[in-house]
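In what follows, chains are A, B, ... by sequence order, proteins preceding strands, each numbered from 1.
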Protein chains: 2
Amino acid sequence: MINKVLVAEDHQTVNISVQRTLDGLGIICVDHTYYCDDALKKVEVAKTLGDSYDLLITDLYFEDDGLTQTIKDGMSLIPAVRRIQPELKILVFSGEKEPTVIRRMKEDIGIDGYVIKARNDAKELEMAMDAISKNQTYFPRISQQKMKYGEAFNLSSHDIAILKLLANGISQKDIPLHLKKDNLIPCSLSSVEKRLNKLREEFNCTNNEQLIAACIVAGFLKMTS
Amino acid sequence: MINKVLVAEDHQTVNISVQRTLDGLGIICVDHTYYCDDALKKVEVAKTLGDSYDLLITDLYFEDDGLTQTIKDGMSLIPAVRRIQPELKILVFSGEKEPTVIRRMKEDIGIDGYVIKARNDAKELEMAMDAISKNQTYFPRISQQKMKYGEAFNLSSHDIAILKLLANGISQKDIPLHLKKDNLIPCSLSSVEKRLNKLREEFNCTNNEQLIAACIVAGFLKMTS
DNA sequence: GTAGCAGATACGGTTTTCCGTAAAATTTAC
DNA sequence: GTAAATTTTACGGAAAACCGTATCTGCTAC
């Protein structure tokens, strides 16, 4: 359960809407800070007082307003707070939507969630909070991001072939047959399973249905018939 | 394997394109007829000569050009030829796209395939031929048909809820939890399974992935996030 | 009230998917 | 050529989906 939250965000308008979202979730104890240095200090103090935060919601980029800061962005803030309170949950809320950045945050830095600032980010925030409160993670699906034909996700034509077969009603175990028919390799069931696993992971999908949905919406899969 | 085909179709332009499609599939022996009565007679004669047709491709509606005919449409032709040659495969190729009609043809009359005349019906014809030659059936998916919000398929809000959960990555076995949370009934796993089974059947989908794809393309499922 | 009916749920067996690991094959480096 | 590394395939156990059937529940008719 998440009770105490710290929000590190330099734009006041954003702060207000985040506050409202948290209100809606019944989270009363919310602290705000406009600087990374200040955020770090707040985490530190709360911890020593035995009243640690449960979650840090932070932006990635903070504007430089002249005040000299040792920590200048969220990217540096995260490892700093981790050193003080390793179990602190971290949710990044940022306009940054580059898949490579998001993936790095997820895989290398190991944050708990990422929400891109966009049209209906409030709803996303809620979903992320829900996931994190259940010790799950939350990351955006590709569909929200407009990107070229699979480029950033290195979607191979082979991947597309598999997805198309699936979306055309071919059962997973029969996909090897169809791949062989078209002389595509790899074509073993094992390799198909691995591919799909990889794709689900990359797109943050938990099942094939969601994967298909995401790929259609993102335009990777063009359903003609 | 399909070698000998009879095409019952009163529009010459359609006849030509059907012919070309069959040519492309390597089917040499193709007879054409412009009237249902004539089609019936051809089937009869071929059978008595011990050289029966393997497949009848027929339209549903035939224009009345003054010549008095006993059989006026494909709907009546089908039972008539069935009486003569029950095992004859039947593929309906028609502009009729009413789901209720198609469903009746499939379930009550038990035809082997149905292709709607539309943009890329040639490709569909090929696929139907392929399926039928393998003793499978072929029926259109909803995506090709523009229709109101699930109306003709009596897609309930409950169905949509289930599909949405699936497309949002909820595993089938966890769907009951989410339904209960929203006080929706029925909410047992069993009922979810049954519902999905029904939907797959109605939409002629063999797996959930295809079902989701079809519903998205048809606009039943709006993927916002 | 009860008998009958329809919808919902529970259950069990089979198939399929999932996922980790090991073996085999192919490529790359040297 | 061999050795190492990478990719593909094979395999096996656990989980999930699939599907038929049986039970339960609530409703209608009488």
Side-chain angles (χ1 to χ4, degrees), chain A residues 106-107 134-137 139 141 153-215 221, chain B residues 106-107 136-137 153-215 221:
Chain A
K106 181 189 176 195
E107 285 168 17
K134 285 189 265 186
N135 285 317
Q136 298 164 356
T137 61
F139 290 90
R141 341 225 145 282
F153 284 94
N154 47 323
L155 251 197
S156 67
S157 60
H158 196 263
D159 294 329
I160 308 239
I162 291 174
L163 291 172
K164 253 187 191 151
L165 287 170
L166 255 192
N168 281 330
I170 312 299
S171 80
Q172 204 165 302
K173 77 173 179 53
D174 289 333
I175 288 182
L177 298 175
H178 289 78
L179 291 178
K180 278 179 190 125
K181 205 185 55 181
D182 296 341
N183 290 321
L184 293 174
I185 52 169
C187 59
S188 69
L189 179 57
S190 184
S191 66
V192 171
E193 292 170 348
K194 279 204 191 343
R195 283 269 186 205
L196 284 170
N197 195 333
K198 204 98 181 166
L199 289 171
R200 282 194 301 269
E201 193 182 308
E202 252 176 278
F203 288 1
N204 297 307
C205 291
T206 53
N207 59 17
N208 284 343
E209 289 90 336
Q210 189 178 26
L211 179 62
I212 294 290
C215 287
L221 267 185
Chain B
K106 180 189 177 196
E107 285 168 18
Q136 299 166 352
T137 59
F153 283 94
N154 47 324
L155 251 198
S156 66
S157 62
H158 195 262
D159 293 329
I160 307 240
I162 291 175
L163 291 172
K164 252 188 190 148
L165 287 170
L166 255 191
N168 281 330
I170 312 299
S171 78
Q172 205 165 300
K173 77 172 180 53
D174 289 334
I175 289 184
L177 298 173
H178 289 77
L179 292 178
K180 277 179 191 122
K181 205 185 55 185
D182 295 341
N183 290 322
L184 292 175
I185 53 168
C187 59
S188 69
L189 179 57
S190 184
S191 65
V192 170
E193 291 171 347
K194 281 204 193 341
R195 233 59 186 88
L196 284 170
N197 197 331
K198 203 99 183 165
L199 288 171
R200 282 195 300 269
E201 194 182 307
E202 251 176 280
F203 288 1
N204 297 308
C205 291
T206 53
N207 60 15
N208 284 344
E209 289 89 338
Q210 189 178 27
L211 178 62
I212 294 291
C215 286
L221 269 183

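- Taken to the nearest 0.5 Å, the CD atom of A/Glu209 stands 8.5 Å off from the CG atom of B/Leu196.
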Step by step, work out the side chain to side chain donor-acceptor pair (under 3.5 Å) result for B/Arg200 and B/Asn207. CA-CA 7 Å; B/Arg200 282 195 300 269; B/Asn207 60 15; over 6 Å; no

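- Rounded to a whole Å, the CG atom of A/Leu177 is 14 Å from the C1' atom of C/dT16.
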With side-chain contact (heavy atoms from CB on, under 4.5 Å) as the test, would you mind laying out the steps for B/Leu189 and B/Ile175 before giving the verdict? CA-CA 7 Å; B/Leu189 179 57; B/Ile175 289 184; over 6 Å; no

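- Separation of atoms CD1 (B/Ile170) and CG (B/Leu177) is listed at 9.5 Å; rounding is to 0.5 Å.
- B/Gln210 contributes a side-chain N or O that, together with a main-chain N or O of A/Asn168, makes up a donor-acceptor pair within less than 3.5 Å.
- The side chain of A/Asn208 places an N or O atom within less than 4.0 Å of a non-bridging phosphate oxygen (OP1 or OP2) of C/dC18.
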Readout for nucleotides 8-15 of chain C: B = base within 4.0 Å of protein heavy atom, S = sugar-phosphate only, - = neither; 5' to 3' it is SBB-----

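- Each end of the helix from C/dG1-D/dC30 to C/dC30-D/dG1 gets its own axis, taken as the rotation carrying the C1' atoms of four end pairs onto the next four within a five-pair window, and the two axes meet at 30° to the nearest 10 degrees.
- Distance A/Lys198 NZ to C/dC18 P: 16 Å, rounded to the nearest Å.
- For the salt bridge (Lys or Arg N to Asp or Glu O under 4.0 Å) condition, the pairs that include at least one residue of residues 188-198 of chain A, sequence neighbours left out, are A/Asp159-A/Arg195.
- Annotation for A/Leu179 and A/Pro186: closest pair CD1-O, 3.8 Å, computed over non-hydrogen atoms.
- For the pair A/Leu166 CG and C/dC18 P, the computed distance is 9 Å after rounding to whole Å.
- Rounded to a whole Å, the CG atom of A/Asn207 is 18 Å from the P atom of D/dA15.
- Regarding B/Gln172, its CD atom lies at a distance of 5 Å from the P atom of D/dA17, rounded to whole Å.
- Remark: B/Ile212 CD1 to B/Lys164 NZ distance equals 11.5 Å, nearest 0.5 Å.
- Nucleotide D/dT7 holds its P atom 18 Å from the CG atom of A/Leu184, rounded to whole Å.
- Rounded to whole angstrom, the span from the CD atom of B/Gln210 across to the C1' atom of D/dA17 amounts to 17 Å.
- Rounding to whole angstrom units, CD of residue B/Glu209 and P of D/dA16 are separated by 16 Å.
- Distance check, rounded to the nearest 0.5 Å: CG of B/Asp182 to NE2 of B/His158 gives 10.0 Å.
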